[in-house]
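In what follows, a structure is listed as structure tokens, so that the remarks can point back to it.
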Amino acid sequence: MISKLSFSSLGKYLAPIIVGLIVFAIGAPEGLSSGAWIFVSIFAALVVGLILEPMPPAFIGMIAITLAVLFRVGMPVVEKAGKIVPTTAAQAINWGLSGFSNAIVWLIFAAFMIGIGYQNSGLGRRIALFLVQKLGKSSLGLGYAIAITDLILAPFIPSNAARSGGTIYPIVSSICPMFDSYPDKNPRRIGSYLCWISLATTCVSSTLFLTGQAPNPLAVELAAKSGVATVNWTSWFLAVAPVGIILFLITPILTYYLCSPEVKGSPEIAEWAKEEFHKLGAMSKSEIAMAIISLIALTLWIGSSTFGVNPTTTALVVIILMVLFKIITWNDFLANKPAWNVLTWFATLVPMAAGLKNVGFLDWLAKSAGSYLVGLDVTMATLGMLIAFCVLRYFFASGTAYVTAMVGLFAALALQIPGADASQIMIILLLPMGIMGILTPYGTGHSPVWFASGYVKGPEFWKLGAIFGIIYLVIFIVIGIPWIEFILPKLI
């Protein structure tokens, strides 16, 4: 058994290296430089490493970004007088560390600190006990309670990292211990189930509303600038409503069977939660302070455009207020290892994902695919573009970066297809952007929060992401596309 485990462990270490070397040995295709192909090889090894996890994901990311910096690949190309200016060592390391200045990275980091505030103040336990006593008779009921909470917040909080990480995560992280479920002890008891529901339902709500995630309105704007008119808030909702509602209703059930909790719920647990809730008595000063801080955060998140306050700025304000009101201490801040771990991990992924655009790989991929799509009939071309648009999500560590890099390219492709309605094609491509965030542990703002919680381990996370992604996409194709074709003339 020991030798088998050692061999298996060695295989996990060697696999990323072997894949990277194989990709490099294939050689750069026409249209890509040797430097670009070195970066693609490093990125391929990174993805395999993140799937197999022979070592912590953050460390794998650090290795990948260090290799890119050493080889000076992945950085933006600078031209002067028609010639490419070589990247200096200082420019390379500045690019490599640029992810640490990314606002979304710090918003995700702050979500973990806010979770500590909910735990220390006792507010998270109070909310968790309330939910358990009302719906604890059924684990499925708890799942729907989490889903409904996210759905209510989704139209008003365009940052899914703030919505899911800042509000849902603290509640879920307080419920799991009540069932003796922890990341390193009984995660399948209920923790992995609740965490996956939280992740998946936020992906669905991010698709259901134009304001469900920040990349949605950005994509609409970029499509318009590319000459393809799309839809407004109401039309977006009407176009995606049938699929969105179906996915919202079935996601807790799918999770219940595909990531089944060992605890199905019981009257005893609900009764115990009721007794514990009454024992809490009146809210303490810390709970009241945390509740007020949470209301301030929700107000600023909901009205971020009105007040002119970035969601990440709001999260930093929350941390400062929690320290000032002694809900958390500075030592709590420094000792939160999961938060610092996810900060390091995601900060390395952001420049790595951006590097694919910088070296021209994504442009090359889109143009290569476009040459095949132009010769197809409209239906097959649309399906081909949709699948390609979704699969490319694997290459991005940010929904915003994904939209920025891809929307303009695919809008240009849509305009090239003979006899096609470019507006209809772009709407079909843009609507499922939220649900495709489920594919990877880094594909959208809230994913790293739930991945780093530790309840759903790496290989299981990738497997569930692929399964849910396929199910969601099939439902969108079968139900969503015919509905869009029917309703679109009435919306535009």
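Here the structure is a predicted model, which means the values were calculated and not measured. Values reported hereafter were calculated over all heavy atoms of this structure, with side chains retained and with hydrogens, waters and symmetry mates removed.
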From CA spacing to verdict: side chain to side chain contact (heavy atoms under 4.5 Å, CB included), Ser164, Val449: CA-CA 8 Å; Ser164 189; Val449 176; over 6 Å; no
Rounded distance [0.5 Å steps], CE in Met62 versus OG1 in Thr344: 5.5 Å
Non-hydrogen side-chain atoms of Tyr118 and Ile327 separated by less than 4.5 Å: no
Any donor-acceptor N/O pair, Ser41 side chain to Phe24 backbone, under 3.5 Å: yes
Side-chain touch Val40/Ile26, heavy atoms, less than 4.5 angstrom: no
For Lys457 against Phe451, the heavy-atom pair lying closest together: C-CE1, 4.4 Å
Salt bridge (charged side-chain N to carboxylate O under 4.0 Å, His left out) partners of residues 165-186, not counting sequence neighbours, each pair once: Asp180-Lys185
Minimal non-hydrogen separation, Cys203 against Ile438, with atom names: SG-N, 3.6 Å
Verdict with supporting geometry, Glu262 and Tyr193, side chain to side chain contact (heavy atoms under 4.5 Å, CB included): CA-CA 9 Å; Glu262 295 172 357; Tyr193 162 74; over 6 Å; no
Donor-acceptor contact below 3.5 Å, side chain Ser192 vs main chain Pro187: yes
N/O donor-acceptor pair under 3.5 Å between Asn341 side chain and Ala452 backbone: no
Atom pair CG (Leu356) and CG (Leu392), whose distance is rounded to the nearest 0.5 Å: 10.0 Å
Any donor-acceptor N/O pair, Arg163 side chain to His446 backbone, under 3.5 Å: no
Side chain proximity check, Pro351 to Ile65, heavy atoms < 4.5 angstrom: yes
Whether Phe333 and Phe109 hold their rings parallel, tilted or perpendicular, with breakpoints at 30° and 60°: perpendicular
Closest non-hydrogen atom pair between Ser198 and Ile168, with its separation: OG-CG2, 3.9 Å
Trp345 backbone acceptor or donor facing Thr348 side chain under 3.5 Å: yes
Nearest-0.5 Å distance that lies between atom CG in Leu300 and atom OG1 in Thr313: 9.5 Å
Ser205 versus Ala154, closest heavy-atom pair with distance: CB-CB, 3.5 Å
Check against side chain to side chain contact (heavy atoms under 4.5 Å, CB included), Leu429 and Leu413: CA-CA 12 Å; Leu429 298 185; Leu413 289 176; over 6 Å; no
Exam field: side chain Ser139 to backbone Val263, donor-acceptor pair closer than 3.5 Å: yes
Min side-chain heavy-atom separation Phe209-Asn216 under 4.5 Å: no
Under 3.5 Å: donor-acceptor pair, side chain of Asn94, backbone of Ala90: yes
Under 3.5 Å donor-acceptor, Thr87 side chain and Arg72 backbone: no
Ring centres under 6.0 angstrom apart (Phe100, Trp106): no
Atom CZ of Phe59 with >12 non-hydrogen neighbours under 6.0 angstrom: no
Min side-chain heavy-atom separation Thr444-Pro215 under 4.5 Å: no
Pro252 versus Leu140, closest heavy-atom pair with distance: O-CD1, 3.7 Å
Heavy atoms of other groups near Lys463 NZ, more than 12 under 6.0 Å: no
Heavy-atom side-chain proximity of Tyr182 to Arg189 below 4.5 angstrom: no
Tyr455 versus Ser181, side-chain donor and acceptor atoms under 3.5 Å: no
Whether Tyr402 side chain and Arg393 backbone form a donor-acceptor pair below 3.5 Å: no
Test log, rule side chain to side chain contact (heavy atoms under 4.5 Å, CB included), inputs Leu194 and Phe179: CA-CA 12 Å; Leu194 293 181; Phe179 293 84; 5.8 Å; no
Residue pair Trp364 / Glu30: nearest heavy atoms and the distance that separates them: NE1-O, 3.3 Å
Heavy-atom side-chain proximity of Ile467 to Ile471 below 4.5 angstrom: yes
Whether Trp196 side chain and Gly465 backbone form a donor-acceptor pair below 3.5 Å: no
Asp150 side chain to Thr201 side chain, donor-acceptor N/O pair below 3.5 angstrom: no
Point-to-point distance, once rounded to the nearest 0.5 Å, from OG1 of Thr202 to CD1 of Ile435: 14.0 Å
Rounded distance (nearest 0.5 Å) linking atom OH of Tyr144 with atom CG of Leu249: 6.0 Å
Flag side-chain contact, heavy atom, 4.5 Å: Thr207 against Phe476: no
Nearest-0.5 Å distance, CD1 of residue Ile146 to OH of residue Tyr169: 13.0 Å
